[in-house]
Trainee: 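Can you keep this structure in mind? I'll have questions shortly.
Please read these numbers as outputs of a predicted model, since none were measured by experiment. All ligand and atom numbering here is 1-based and tracks the order in the structure.
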Amino acid sequence: MKRYTHGHHESVLTSHRWRTAENSAAYLLPYLRPGMSLLDVGAGPGTITMDLADLVAPGTVTATEYNAGALELTRAEAARRGTANVEFAVADVHALAYADDTFDVTHAHQVLQHVADPVQALRELRRVTKPGGIVAVRDSDYAGFIWYPELSELDEWLALYQKVARGNGGEPDAGRRLLSWAHAAGFTDVRATASVWCFANEADRAWWGGMWAERILKSEMATTALETGAAVPADLDRISAAWQRWAAESDGWFLIPHGELICVV
Ligand SMILES: C[S@@+](CC[C@H](N)C(=O)[O-])C[C@H]1O[C@@H](n2cnc3c(N)ncnc32)[C@H](O)[C@@H]1O
């Protein structure tokens, strides 16, 4: 990854802090037991991480981020919630500094779509997971997003996002590819499922649409789009206004599909 596409602007964190183990890791929950050790890579704002820590307590969650600044966000969430059974480390998922067979469960939510080599990332997660343990990954699939009304500016938004994310070395249409990446990494026992987020009521539309209206102007994605010439300011203004229109539309509906895998080591 040359650059993390979203960055950690407050407008990005607004969306990531909405996430819970229930709405983002339900496929993993049946496998968790008190006392397990769990590695969460790319923990970011850490809301899912702390839910997972509650579920495996008195076991420990090791939360990692690829730089110290991002890890501070995870630490802040642990402090806010008073989560005690969590440890922190800076780590790149491509090369983890843990011994083989260290964790019962390793987990990455919306991370593989951003990394330069998702197959290597999965090999590393497998290496540090105990035999019989689980590698759990979930990623959205941008080309599969569906929305209504059919605003052409949101088509522009999607194409721009895909261009910027790929320019950063990621693969935004990751959900459909997870199973192939797991097979390439050598997994043979893989349970592949899918689940969605759907934003369709007034509060969800105001939050999701308002968040993207700001994010397209102020987040790392905007900076990269302008720096690389993928967009000019007028493009971002037009897309931002369309997100506001979508949010105000009582018929507005948005669906985000995800691929998810339970890979047994
Ligand atoms: C979309 S966020 C997901 C955060 C969190 N898992 C969640 O779902 O709320 C992706 C995270 O992956 C991290 N990341 C990106 N590349 C990484 C890498 N090579 N190794 C570890 N983390 C990475 C980013 O810093 C970012 O916080």
Side-chain angles (χ1 to χ4, degrees), residues 1-28 38-53 61-78 80-81 83 86 88-98 103 105-125 127-128 135-142 145 161 164-175 178 181 195 197 208 211-212 215 219-221 224 256 258-261:
M1 180 189 68
K2 291 184 201 148
R3 190 176 198 174
Y4 169 46
T5 299
H6 297 304
H8 292 102
H9 183 267
E10 197 55 36
S11 58
V12 175
L13 300 178
T14 297
S15 96
H16 293 179
R17 287 195 178 118
W18 162 86
R19 298 173 184 172
T20 64
E22 199 182 338
N23 69 28
S24 301
Y27 71 105
L28 170 62
L38 186 148
L39 174 71
D40 191 26
V41 296
T47 52
I48 301 170
T49 318
M50 303 316 146
D51 284 354
L52 296 176
V61 166
T62 303
T64 72
E65 257 299 339
Y66 80 117
N67 69 30
L71 193 62
E72 278 310 307
L73 298 169
T74 324
R75 281 186 206 277
E77 181 64 11
R80 191 185 70 78
R81 287 184 39 170
T83 306
V86 58
F88 306 91
V90 172
D92 182 339
V93 66
H94 296 99
L96 297 167
Y98 300 105
F103 300 97
V105 177
T106 53
H107 172 253
H109 185 251
Q110 314 283 24
V111 177
L112 294 189
Q113 64 186 280
H114 294 292
V115 308
D117 188 345
V119 175
Q120 170 59 17
L122 283 163
R123 281 193 207 105
E124 270 299 86
L125 292 173
R127 183 183 67 73
V128 303
V135 176
V137 293
R138 182 174 190 258
D139 270 274
S140 59
D141 192 299
Y142 276 71
F145 287 13
Y161 180 82
V164 169
R166 291 195 176 113
N168 283 336
E171 175 45 69
D173 304 343
L178 289 181
W181 291 340
S195 60
W197 291 334
W208 178 253
M211 180 267 297
W212 267 110
R215 209 161 141 175
S219 74
E220 193 75 20
M221 179 194 164
T224 311
I256 301 186
H258 296 84
E260 51 200 22
L261 303 180

Trainee: Please find the pair of heavy atoms, one from Ile256 and one from Ser140, that lie closest to each other, and give the distance.
Mentor: CG2-CB, 3.9 Å

Trainee: Identify, with sequence neighbours excluded, every residue that meets side chain to side chain contact (heavy atoms under 4.5 Å, CB included) alongside Val111.
Mentor: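 Ala108, Val115.
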
Trainee: So Trp197 and Trp18, would you call those rings parallel, tilted or perpendicular, with 30° and 60° as cut-offs?
Mentor: perpendicular

Trainee: Is the shortest N/O to N/O distance between Val93 and ligand 1 below 3.5 Å?
Mentor: yes

Trainee: State whether the shortest distance between N or O atoms of Gln110 and N or O atoms of ligand 1 falls below 3.5 angstrom.
Mentor: no

Trainee: I'd like to check which ligand 1 atoms, numbered from 1 as shown, lie under 4.0 Å from a non-hydrogen atom of Ala91.
Mentor: 20 (N), 21 (C)

Trainee: Listed by chain and number, what are the salt bridge (charged side-chain N to carboxylate O under 4.0 Å, His left out) partners of Glu171, not counting sequence neighbours?
Mentor: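 With sequence neighbours excluded, Glu171 shows a salt bridge (charged side-chain N to carboxylate O under 4.0 Å, His left out) to Arg166, Arg177, given in chain and number order.
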
Trainee: Check Ala174 against Asp139 and note the closest heavy-atom contact, atom names and distance.
Mentor: CB-CB, 3.8 Å

Trainee: Please find the pair of heavy atoms, one from Glu124 and one from Val93, that lie closest to each other, and give the distance.
Mentor: CB-O, 3.3 Å

Trainee: Out of Glu77, His109, Arg17, who gets a non-hydrogen atom closest to atom 3 (C) of ligand 1?
Mentor: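 Heavy atom nearest to atom 3 (C) of ligand 1 belongs to His109.
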
Trainee: Does any N or O atom in Gly42 lie less than 3.5 angstrom from one in ligand 1, N or O only?
Mentor: yes

Trainee: Check Ala43 against ligand 1 and report side chain, backbone, both or neither, counting heavy atoms closer than 4.0 Å.
Mentor: backbone

Trainee: Any non-hydrogen atom of Ala108 lying under 4.0 Å from ligand 1?
Mentor: no

Trainee: For ligand 1, note which part of Ser24 has a heavy atom under 4.0 Å away: side chain, backbone, both or neither.
Mentor: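 Ser24 to ligand 1: no contact under 4.0 Å from either part.
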
Trainee: Are any of the heavy atoms in Asp92 under 4.0 Å away from ligand 1?
Mentor: yes

Trainee: With a heavy-atom distance limit of 4.0 Å, tell me whether Val41 approaches ligand 1 through its side chain, its backbone, both, or neither.
Mentor: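 For Val41, there is no contact with ligand 1 at all, from either part.
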
Trainee: Counting heavy atoms only, which of His107, Arg19, Glu65 comes nearest to atom 13 (C) of ligand 1?
Mentor: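 When every heavy atom of His107, Arg19, Glu65 is considered, Glu65 comes closest to atom 13 (C) of ligand 1.
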
Trainee: Please confirm whether the backbone N or O of Ala95 pairs with a side-chain atom of Asp92, one donor and one acceptor, at under 3.5 Å?
Mentor: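 Checking the backbone N and O of Ala95 against the side chain of Asp92, no donor-acceptor pair under 3.5 Å is found.
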
Trainee: Ala25 and His107: which non-hydrogen atoms are nearest, and at how many Å?
Mentor: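 Answer, listing the atom of Ala25 first, then His107: CB-NE2, 4.2 Å.
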
